[in-house]
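Residue numbers start from 1 in every chain, and the chains themselves are labelled A, B, ... in the order their sequence lines are given, proteins ahead of strands.
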Amino acid sequence: MPIQIFNSLTRQKEAFAPLDPAGKRVLFYACGPTVYGKFHIGNARTFVMTDVVRRWLVKRGHDVQFAMNITDVDDKIIRKANDEGVASEVIAARYTDYFLSMLERLGNMGGVIHPKATQHIPQMVTMIADLVARGHAYATPDGSVWFEVGSFRDYGKLSRMPLDEMKQGERVDAAQQQLKRSPLDFALWKGAKEGEPSWPSPWGNGRPGWHIECSSMSMEALHSQTIDIHSGGSDLRFPHHENEIAQSECATGKRFARYWMHMGMLDIEGMKMSKSLGNVKNIDEVMEFIDPLILRYFFMSAKYGDKIDYTESTIHQCQSAMERMITADQSARRILGTDSPTDWNSDEELQATWNEFAAGMDDDFNSPRALAAIAKSVTLLNTRIANENDKASIARATALLAELREALGISGELVRKNTGGLGDEEIESLIAQRTQAKKDRNFTLADQIRKDLLGKGVQLEDSRTGTIWKRV
RNA sequence: GGUACGGUACCCAAGUGGUUAAGGGAGAGGUCUGCAAAACCUCUAUUCAUCGGUUCGAAUCCGAUCCGUACCUCCA
C-alpha cells in the first residue's frame with residue numbers, strides 16, 4: 001500500500017508515485033522563509049510538519065532530495081536594512097543564521113539544500129527571458145518585467161479562483177497598475193530603485209520578483225523541470241503558488257509540481273495571530289518555556305493541513321503525554337542497564353502497533369493516528385515493565401518505542417533548566433541519606449528530604465530498582 | 001460579494017456508508033507502595049451542530065438552517 005497524499009491541486013488523496021521510474025528518488029521542494037525578522041510559532045509549525053513528511057518518506061525507503069529556499073532579497077528586508085542603516089545582506093545573513101538554528105532546535109533533520117535567491121539571479125533572468133520570448137511576459141519602460149496572466153489558460157487551477165472575481169479585490173497601486181496590461185499580472189523583474197540592491201539584466205538593473213525564485217531554484221536545486229512534491233503554508237496557495245505554476249509551466253512547457261501540499265495555519269487562543277492583535281508569538285520566546293519536543297508533539301496532534309489552536313491548556317496536555325512517553329523509556333532503560341533494546345519484528349504485539357503507526361503515516365501523514373500508536377506502544381512497554389521479569393520482552397518494546405519516536409523526530413529527553421542550584425552529586429547524596437532513613441524506618445526524615453528536594457524542583461520516585469529523580 | 005474549510009465526550013483529536021465511535025489529557029474508583037510519585041486495571045459520547053432526505057444500514061452521502069474560520073492584499 002503506497003503512501004497516500006492529499007494533493008491540493010486535485011483536492012483528493014492520491015497514491016504517491018514519484019517521477020523516478022524506480023520509485024525511489026523523491027524531489028521535494030518546500031517554500032522557505034523571507035529572512036527579514038524573527039519567526040513565530042506558526043512558521044515553526046509549517047517547518048516542523050514539513051520535516052515530519054520528509055522523515056516519513058525517508059523512513060519508507062525513499063531517497064528524498066529536499067530543498068527549502070531562503071528569500072534573501074525582498075521589500076521587507078530592504079525596509080529593515082534602511083531602518084537600521086545597514087546593507088540588506090547584513091539583515092539577510094543575520095536572520096538566515098537565526099532561521100537555521102531555529103530549525104535545528106526544533107529537531108528538524110539536517111541535510112537540507114538551502115538555495116538563496118541572491119545566488120541564483122542569472123538563472124532567474126534566463127527564465128524571465130524565456131517567458132518574454134514565448135510571449136508570456138512583457139517589459140515596461142520602468143525596467144520591470146511582468147507575467148501576463150491572460151496568456152496562461154490554466155491560471156487559477158490551484159486556487160480555483162475565477163479570474164473575473166479576483167480583479168475586484170486587486171490592491172490598487174496606481175503607478176504599477178497603469179503599467180500592467182492586467183491588474184492580475186505580477187512582477188517577474190522589478191526595475192532598480194535608488195538605494196536598493198540590484199543586478200544587471202537585459203531590461204536594465206533590477207531585482208527579481210518574489211515568485212520567480214521558487215520556480216527557478218526548485219528546478220536548479222533538484223535538477224528537474226518537474227518536481228514531485230511542493231509544499232508551503234496554505235496562505236501561499238494564492239497568489240504565490242498559483243504564480244509559480246504559471247511562470248514555470250509557461251517557461252518549460254512541462255508540468256511544474258506533481259503533488260501540492262499545504263500546511264494549515266496556527267491560531268493563538270482561538271484568534272488569528274496578527275501584529276494588530278499583539279498576539280504574535282516568537283518561536284524563540286516560546287521555546288524559553290516550552291520544550292521543543294512538546295512543541296513538536298503539539299504540532300503533530302492535529303493533521304498537518306488543518307488549522308491548529310495554540311492554547312495553554314493544549315500545551316499542558318501535550319506536555320503530560322510527552323512526559324509519560326519519556327518516563328516509560330527511562331524506566332525501561334534503567335531495567336535494561338547495559339543491555340540494548342533489540343529487534344522487535346518477531347514480537348506480534350509490537351508488530352501490530354508498528355502496523356497501526358505506519359498505516360496512519362501512510363494515510364496522508366496522519367500524525368494524530370501515529371501518536372495514538374505511540375501511546376499504545378508506551379502502554380505495552382509500561383505493562384511489560386509492571387508485570388514481567390522478561391528483559392528481552394522489555395528490550396523489544398523499548399526498541400519499538402524508540403523507533404517510532406525517531407520516525408517523528410521526538411526522540412530525546414526534555415531539557416530542564418537547573419533549579420535550586422543543586423548539582424547532581426548533591427542530589428544523589430541526599431537520596432542516599434533518604435534511602436538509609438527508609439532502611440531505619442525513619443519515614444519522617446525520609447519524607448522531609450523528599451519534600452525539601454521537591455521544593456527545589458527535584459522530584460523523587462521510588463521504583464523497584466531504587467530511587468530515581470528528575471527535575472520538574 | 002466570490003472561493004474554500006470546519007462543527008465528534010469536560011479539553012485536544014482520529015474515524016468520512018456496515019461488528020461495542022481510536023488515542024491522549026483531565027476526572028472517578030481499584031491494584032502496587034511505609035506514604036507519595038510513577039505504573040497498571042476499570043469507568044466517563046446508545047451518540048457525532050440542528051432539521052429533513054437517500055439507503056437494508058449514515059457521524060460518514062444529498063439538501064436546508066444555525067454557528068465558526070480561512071483565502072481573495074505582504075503572510076508559514
When rounded to the nearest Å, what value does the distance between C1' atoms of G15(B) and U20(B) take? 15 Å
Over how many whole Å does the gap from Asp75(A) atom CG to C75(B) atom P extend? 10 Å
Would Arg434(A) and Asp462(A) count as a salt bridge (charged side-chain N to carboxylate O under 4.0 Å, His left out) if you check the C-alpha gap in whole Å, the side-chain angles of each, and the deciding distance to 0.1 Å? CA-CA 11 Å; Arg434(A) 176 169 171 273; Asp462(A) 294 332; 3.0 Å; yes
Mind listing the residues from residues 366-381 of chain A sitting with a heavy atom below 4.0 Å of RNA chain B? Number order is fine. Asn366(A), Pro368(A), Arg369(A), Ala372(A), Ala375(A), Thr379(A)
Sugar-phosphate, base or nothing in reach of Asp306(A), heavy atoms under 4.0 Å: sugar-phosphate
For Lys76(A) and A76(B), what is the distance between atoms NZ and C1' respectively, to the nearest whole Å? 12 Å
Short side-chain N/O contact from Lys303(A) to OP1 or OP2 of G15(B), under 4.0 Å: yes
Whichever of Ile308(A) and Cys31(A) has its nearest RNA chain B nucleotide further upstream toward 5': Ile308(A)
With both pairing distances under 3.5 angstrom for Watson-Crick or G-U wobble, and | for a partner in another strand, the correct string for RNA chain B is ((((((((.[[[..)..(....]]].(((((.......))))).....[[[[[..)....]]]]])))))))....
Can you tell me the distance, in whole Å, between the CG atom of Asn69(A) and the P atom of A76(B)? 11 Å
Tell me what Arg45(A) touches on the nucleic acid: a base, only sugar-phosphate, or nothing, going by heavy atoms under 4.0 Å. nothing
Would you classify Gly232(A) as touching base, sugar-phosphate or nothing, given that sugar-phosphate means primed atoms plus P, OP1 and OP2, and contacts are heavy atoms under 4.0 Å? sugar-phosphate
Under 3.5 Å: donor-acceptor pair, side chain of His230(A), backbone of Trp260(A): no
If only side-chain N and O atoms of Trp469(A) are considered, is one of them under 4.0 Å from the OP1 or OP2 phosphate oxygen of A37(B)? no
Exceeds 12 heavy-atom contacts within 6.0 angstrom, atom CD of Glu104(A): no
Would you find more than 12 non-hydrogen atoms of other residues, nucleotides or ligands less than 6.0 Å from Glu348(A) atom CD? no
Could you check how far OH of Tyr304(A) sits from P of A70(B), rounded to whole Å? 21 Å
With a 4.0 Å heavy-atom cut-off, tell me which residues in residues 260-271 of chain A come close to RNA chain B, sorted by residue number. Gly264(A), Met265(A), Leu266(A)
To the nearest Å, give me how far apart CZ (Arg384(A)) and P (A39(B)) are. 18 Å
Separation between the P atoms of G52(B) and A14(B), rounded to whole Å: 29 Å
I want to know whether His211(A) and Phe147(A) have ring centres closer than 6.0 Å. no
Could you tell me whether the side chains of Asp142(A) and Thr140(A) share a donor-acceptor contact shorter than 3.5 Å? yes
Start at the 5' end of RNA chain B and walk down; is the nucleotide closest to Phe47(A) or to Lys307(A) reached first? Lys307(A)
Which pairs pass ring-ring contact (aromatic ring centres under 6.0 Å, His included) with one or both residues in residues 305-329 of chain A, sequence neighbours excluded? Phe298(A)-Tyr310(A)
Short heteroatom pairs, N/O only, protein and nucleotides 28-36 of chain B, under 3.5 Å:
unit_1, atom_1, unit_2, atom_2, d
G34(B), N1, Asp447(A), OD1, 3.0
G34(B), N2, Asp447(A), OD1, 3.4
G34(B), N2, Asp447(A), OD2, 2.6
C35(B), O2, Arg450(A), NH2, 2.4
C35(B), N3, Arg450(A), NH1, 2.9
C35(B), N3, Arg450(A), NH2, 3.4
C35(B), N4, Asp462(A), OD2, 2.9
A36(B), N6, Asp462(A), O, 3.3
A36(B), N1, Asp462(A), N, 3.0
A36(B), N3, Arg450(A), NH1, 2.9

Would you mind reading off the distance between Arg334(A) atom CZ and A39(B) atom P, rounded to a whole angstrom? 12 Å
Only counting residues at least two apart or in another chain, list the ones meeting ring-ring contact (aromatic ring centres under 6.0 Å, His included) with Tyr95(A). none
Would you say the side chains of Ser8(A) and His262(A) form a donor-acceptor pair under 3.5 Å? yes
Given atom CZ of Phe298(A) and atom C1' of G24(B), what is their separation to the nearest angstrom? 14 Å
Going by distance alone, is a donor N or O of one side chain under 3.5 Å from an acceptor N or O of the other, for Trp354(A) and Glu403(A)? no
Can you tell me, in whole Å, how much space there is between the C1' of U31(B) and that of A38(B)? 14 Å
Would you indicate which nucleotide in A39(B), C74(B), G24(B) comes nearest to any side-chain atom of Ala386(A)? A39(B)
Regarding His40(A), tell me which of base, sugar-phosphate or nothing describes its non-hydrogen contacts under 4.0 Å with the strands shown. base
For atom CD1 of Ile385(A) and atom C1' of C41(B), their distance in whole Å: 16 Å
When you measure from the side chain of Asp267(A) to the backbone N and O of Asp309(A), does any donor-acceptor pair fall under 3.5 Å? no
More than 12 non-hydrogen atoms from neighbouring residues, nucleotides or ligands closer than 6.0 Å to NZ on Lys116(A), yes or no? no
Closer than 3.5 angstrom, by distance alone: can the side chain of Asn69(A) be matched with the main-chain N or O of Pro115(A) as a donor-acceptor pair? no
Any idea how Tyr98(A) and Phe39(A) line up, ring-wise: parallel (<30°), tilted (30 to 60°), or perpendicular (>60°)? parallel
Where Gln247(A) and Leu188(A) come nearest, the two heavy atoms and their spacing: NE2-CD2, 3.1 Å
